[in-house]
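Have a look at the structure below, then the notes.
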Amino acid sequence: MRVFFFLVGFGLMTIGCTYIITYLNLLSFGYTYLEYLEYITTRLECYYTIIGFLMITIAIFYKGEQNDKHI
């Protein structure tokens with residue numbers, strides 16, 4: 001289950017970062033850095049980066065159940 005969350009989180013983070021980098025082209029059209037940040041915070045696909053990062057963090061640091069049924 002942890003591998004699934006890690007891979008899905010990695011995919012979402014990749015998609016989100018791709019859009020953030022793509023939207024950097026707005027700076028060449030005359031947008032300021034503040035306008036750029038305001039724009040990417042309104043776009044849903046840029047939130048995939050945060051969601052993916054949280055999923056990866058949970059997958060890495062979540063301990064889960066300890067099955068101590070050793071014979």
Side-chain angles (χ1 to χ4, degrees):
M1 193 64 159
R2 290 173 61 181
V3 174
F4 173 75
F5 277 112
F6 183 83
L7 291 176
V8 171
F10 182 77
L12 288 174
M13 199 165 164
T14 303
I15 291 169
C17 287
T18 301
Y19 277 106
I20 289 172
I21 291 170
T22 303
Y23 289 142
L24 278 172
N25 287 327
L26 293 173
L27 296 176
S28 64
F29 290 125
Y31 282 67
T32 64
Y33 285 109
L34 184 59
E35 291 171 333
Y36 166 72
L37 290 174
E38 288 175 4
Y39 181 75
I40 65 169
T41 56
T42 62
R43 305 301 298 177
L44 177 65
E45 57 268 9
C46 295
Y47 286 117
Y48 290 157
T49 304
I50 298 169
I51 295 168
F53 179 75
L54 290 174
M55 287 179 75
I56 290 172
T57 304
I58 290 169
I60 290 174
F61 293 113
Y62 180 69
K63 299 270 188 205
E65 297 178 7
Q66 296 291 333
N67 295 331
D68 293 333
K69 298 179 182 178
H70 300 288
I71 297 177

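This structure is a prediction, so every number in the text was calculated from the model and none was measured.
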| field | Same apolar cluster: Phe29 and Leu34, side chain cutoff 4.5 Å | value | no
| From Phe4 CZ over to Arg2 CZ, what is the distance, rounded to the nearest 0.5 angstrom? | 15.0 Å
| request: Determine whether Tyr48 and Phe53 fall in the same hydrophobic cluster, where Ile, Leu, Val, Met, Phe, Trp and Tyr are linked whenever their side-chain heavy atoms lie under 4.5 Å apart. | output: no
| field | Steps toward side chain to side chain contact (heavy atoms under 4.5 Å, CB included) verdict (Ile58, Met55) | value | CA-CA 5 Å; Ile58 290 169; Met55 287 179 75; 5.9 Å; no
| request: Kindly compute the distance separating OG1 (Thr22) from CD1 (Ile40), expressed to the nearest 0.5 Å. | output: 11.5 Å
| task | Verify the cluster assignment for Val3 and Ile60: are they in a single hydrophobic cluster under the rule of side-chain heavy atoms below 4.5 Å apart? | result | yes
| field | Straight-line distance of Ile21 CD1 to Thr49 OG1, nearest 0.5 Å | value | 9.0 Å
| message | Just so I know, are the side chains of Ile20 and Tyr36 near enough to count as touching, which here means a heavy-atom distance under 4.5 Å? | response | yes
| So do the side chains of Thr57 and Tyr62 get within less than 4.5 Å of each other, counting heavy atoms only? | no
| field | Which atom of Thr41 lies closest to which atom of Tyr47, heavy atoms considered | value | O-OH, 2.5 Å
| message | Would you compute the distance between atom CD of Glu35 and atom CG of Leu27 and round it to the nearest 0.5 angstrom? | response | 9.5 Å
| query | In terms of hydrophobic clustering (I, L, V, M, F, W, Y; side-chain heavy atoms under 4.5 Å; direct or indirect links), are Phe61 and Ile50 co-clustered? | reply | no
| message | To the nearest 0.5 Å, what is the distance between CD on Glu38 and OH on Tyr33? | response | 15.5 Å
| Atom CD1 of Ile56 and atom CD1 of Ile51: how far apart are they, to the nearest 0.5 Å? | 12.5 Å
| Considering residues, nucleotides and ligands other than Tyr23, do more than 12 of their heavy atoms fall under 6.0 Å from its OH? | yes
For a quick test of your reading: what N or O donor-acceptor pairs under 3.5 Å do the side chains of residues 5-19 make, sequence neighbours left out?
residue	atom	partner	partner atom	Å
Thr14	OG1	Phe10	O	2.7
Thr18	OG1	Thr14	O	2.7

